[in-house]
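Residue indices begin at 1 and follow the sequence shown.
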Amino acid sequence: MNPERSAVPPRRPTSEIIADFLAEGPYAVVGASTDRTKFGNRVLRAYLQKGLEVYPINPRADTIEGLKSYPDLRSLPKPVRGISVITSPAITERVVAEAADAGVRFVWMQPGAESPEAIRAARERGLEVI
């Protein structure tokens, strides 16, 4: 394949992408949970403990950890720069398209949320993937 014709930009080292992701928000947690034992809640609390601006995304919850919850990225009151995704791979694939359309720059697919299709689609849409 001719690299000049590739639609997907070259990937940066993961450590560099993580540093860039964490350098600036705001953020959203897609798959945030009201259950404090679930990973989606733990990730949300990690952002809050660091004092970062974060929005929970869960279509079945009104509030999570005292924050208004939103059904999807399109419903947020302002654009976010990065998202953490804690969903099943099939949902992650849909979230990637929504994230690209919403102007998100980074997608951090937590363990179990990723799929080869979601990763490929995110990179093709210009998102940086962790």
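Taking the side chain to side chain donor-acceptor pair (under 3.5 Å) definition, one finds that Asn58 meets it with nothing, sequence neighbours left out. Asp20 pairs by the side chain to side chain donor-acceptor pair (under 3.5 Å) definition with Arg12, Arg81, Arg105, not counting sequence neighbours. Not counting sequence neighbours, Lys50 has no partner by the side chain to side chain donor-acceptor pair (under 3.5 Å) test. Listed by chain and number, the residues in a side chain to side chain donor-acceptor pair (under 3.5 Å) with Thr14 amount to none (sequence neighbours excluded). Residues satisfying the side-chain contact (heavy atoms from CB on, under 4.5 Å) test with Thr63, not counting sequence neighbours, are none.
Using cut-offs of 30° and 60° on the angle between ring planes, the pair Phe21 and Trp108 is perpendicular.
One distance of note links CZ of Arg45 with CD of Gln49; it measures 6.5 Å at 0.5 Å rounding. Atom CE of Met109 is separated from atom CD1 of Ile130 by 10.0 Å, given to the nearest 0.5 angstrom. To the nearest 0.5 Å, the span separating CG on Leu127 from CZ on Phe106 amounts to 10.0 Å. If you take CD1 on Ile83 and CG on Leu76, they are separated by 10.0 Å, rounding to the nearest 0.5 Å. With rounding to the nearest 0.5 Å, the separation of CZ in Arg125 from CZ in Arg120 is 11.0 Å. Going from atom CD of Glu16 over to atom CD1 of Ile18 covers 11.0 Å, rounded to the nearest 0.5 Å.
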Give the intermediate values and the outcome of side-chain contact (heavy atoms from CB on, under 4.5 Å) for residues Leu67 and Leu48.
-> CA-CA 10 Å; Leu67 300 174; Leu48 292 172; 3.7 Å; yes
Stepwise, does the side-chain contact (heavy atoms from CB on, under 4.5 Å) test hold for Phe39 with Ser33?
-> CA-CA 8 Å; Phe39 198 58; Ser33 175; over 6 Å; no
Does the side-chain contact (heavy atoms from CB on, under 4.5 Å) test come out yes or no for Val95 and Asp72, once each step is laid out?
-> CA-CA 9 Å; Val95 168; Asp72 52 43; over 6 Å; no
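What you find for Ile64 and Ala32 is that their closest heavy atoms are CD1-O, 3.6 Å. Residues Tyr70 and Ser75 approach most closely at CD2-O, 3.3 Å, considering heavy atoms. Annotation for Gly82 and Val104: closest pair CA-CG1, 4.2 Å, computed over non-hydrogen atoms. Residue Ile86 comes nearest to Ala113 through the heavy atom pair CA-CB, 4.4 Å, listed as atom of the first residue, atom of the second, then distance. Across all non-hydrogen atoms, the minimal contact from Pro79 to Pro26 is O-CG, 3.4 Å.
Ionic pairing of Arg94 and Glu98 is not present here: no N-O contact between side-chain nitrogen and carboxylate oxygen is shorter than 4.0 angstrom. Between Glu53 and Lys78 there is a salt bridge, with a side-chain nitrogen of the basic residue lying less than 4.0 Å from a carboxylate oxygen of the acidic one. Contact check on Asp101 versus Arg74 returns no salt bridge, with no Lys/Arg side-chain nitrogen under 4.0 Å from an Asp/Glu carboxylate oxygen.
Applying the salt bridge (Lys or Arg N to Asp or Glu O under 4.0 Å) test to pairs two or more places apart or on separate chains, those with a residue in residues 23-37 are Arg36-Glu65.
With a 4.5 Å cut-off on side-chain heavy atoms, Leu73 and Val30 count as touching.
For the residue pair Ser69 / Tyr55, no side-chain donor-acceptor distance below 3.5 Å is found, with atom types taken as modelled. In summary, the side chains of Glu114 and Thr92 do not present any donor paired with an acceptor at a separation below 3.5 Å, with no hydrogens or angles considered.
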